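Reviewing the structure listed below.
Predicted model, so just to flag it, every value in this text is computed and none were measured. Numbers here simply count residues along the sequence, with the first being 1.
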Amino acid sequence: SRLPIPNATIKIASQNELKYFVTDDNGKFEIPSNYKNKIDYIEVSSLGFKKYFKNIVSNVIYLEDDISQLDEVVVNSESKPKFELSFFEKLDTRETGFSWDNKAALYIPKNGENKYIKNLLYAVSDCGGVKNLQYLPFKVNLYTADSLGMPDKPILHDEIIVRKKDDDKWTKVDISKYKITIPDEGLFVAFIILKEKDYPIDFINSNYGTISAVPALKAYKYSKTYIRKSYLYYECNYPEKCNKWLPQNLHYMMDVEYWF
């Protein structure tokens with residue numbers, strides 16, 4: 001049939017830059033006007049259909065059925081999302097380092113009640129045996145979740161600059177004045193590294209080799225069914241590999257506290 005396909009993924013290459021779009025409930029998407037005459041190729045994909053690849057864009061795109069993809073889909077009880085890690089899973093942690101302008105985000109699902117968020121929590125740490133990195137500044141924010149469940153737009157207009165001041169496990173950031181509740185689709189807590197010029201030292205030797213002298217975060221070992229997925233955003237000259245939010249095989253140790 002030629003019915004519209006919602007949530008199909010669109011990848012457009014234009015002058016060595018990749019842009020991603022998702023079709024709406026009516027199978028429609030809109031290409032920005034500045035891309036329309038500069039497209040190298042377009043790729044459209046959706047589960048159950050063969051991938052579409054062309055170097056020209058038509059007003060209507062038709063995808064062919066691919067039954068072989070559907071044969072691989074298995075749904076069982078193990079696929080149910082897990083909302084909490086066990087006591088022993090929480091003992092398995094490690095430090096994860098960053099570089100300048102990196103952004104780390106952790107998904108927080110709706111808690112069932114419309115409570116205001118009081119504090120953002122961050123397990124800030126040193127990295128590679130280098131002492132006192134945890135006391136360097138970083139920024140925090142919250143991000144909305146897009147239709148694919150990935151970080152989308154910042155919620156706070158201005159990011160908050162924070163420094164860890166004690167040896168407590170969690171660094172708490174009070175955001176109660178903003179009166180933010182978690183929407184049905186959830187949101188993301190973000191940990192943001194400042195620019196290189198904002199730190200006193202650029203590189204430093206560690207047990208892992210030379211690293212950026214910036215604060216790190218602790219992280220839990222990855223669990224496939226744990227609903228709190230983590231993403232990392234960093235900039236580079238290869239748009240297909242970065243300059244977008246990328247899923248991580250770990251769970252950053254960030255959280256929220258609510259007003260009771």
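Between the side chains of N114 and T181, no donor N or O sits under 3.5 Å from an acceptor N or O. Counting only N and O atoms by type, the side chains of Q134 and Y122 include no donor and acceptor under 3.5 Å apart. A donor atom on one side chain and an acceptor atom on the other are not found under 3.5 Å apart for K221 and T93.
Once rounded to the nearest 0.5 Å, the distance linking CD1 of I108 with CG of L187 reads 7.0 Å. Rounded to the nearest 0.5 Å, atoms CD1 (I192) and CG (N102) are 10.5 Å apart.
Shown here is K118, whose NZ atom has more than 12 heavy atoms of other residues, nucleotides or ligands within 6.0 Å.
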Yes or no on side chain to side chain donor-acceptor pair (under 3.5 Å) for E185 and Y107, after CA distance, side-chain angles and deciding distance?
CA-CA 10 Å; E185 65 273 17; Y107 177 69; over 6 Å; no
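The residue from L120, I117, N119 that alone fulfils the side chain to side chain contact (heavy atoms under 4.5 Å, CB included) condition with E257 is N119. Partner of F188 under the ring-ring contact (aromatic ring centres under 6.0 Å, His included) criterion, chosen from Y143, Y233, Y231: Y231.
A donor-acceptor contact shorter than 3.5 Å is absent between the side chain of S99 and the backbone of S212. Put simply, the side chain of Y199 gets close to the backbone of L194: a donor and an acceptor are under 3.5 Å apart. Under a 3.5 Å cut-off, the side chain of N207 and the backbone N or O of G128 do form a donor-acceptor pair. D126 places a side-chain N or O within donor-acceptor distance of the main-chain N or O of L133, the cut-off being under 3.5 Å.
Hydrophobic cluster membership for W170: L85, L121, Y220, Y226, M253 (Ile, Leu, Val, Met, Phe, Trp, Tyr linked by side-chain heavy atoms under 4.5 Å, directly or transitively). Clustering of Ile, Leu, Val, Met, Phe, Trp and Tyr side chains at separations under 4.5 Å places F88 together with F87, L91.
Between R228 and D255, at least one side-chain nitrogen of the basic residue sits less than 4.0 Å from a carboxylate oxygen of the acidic one, meeting the salt-bridge criterion. A salt bridge links E84 with K90: the closest approach of a Lys/Arg side-chain nitrogen to an acidic carboxylate oxygen falls below 4.0 angstrom.
Side-chain heavy atoms closer than 4.5 Å link hydrophobic residues (I, L, V, M, F, W, Y) into clusters, and following such links, even through other members, never connects V130 to Y135.
In this structure, W100 has its ring center closer than 6.0 angstrom to the ring center of F203. Ring to ring, F191 and F138 are close: their centroids are under 6.0 angstrom apart.
In this view, K195 and D101, K197, D198 satisfy the side-chain contact (heavy atoms from CB on, under 4.5 Å) rule, not counting sequence neighbours.
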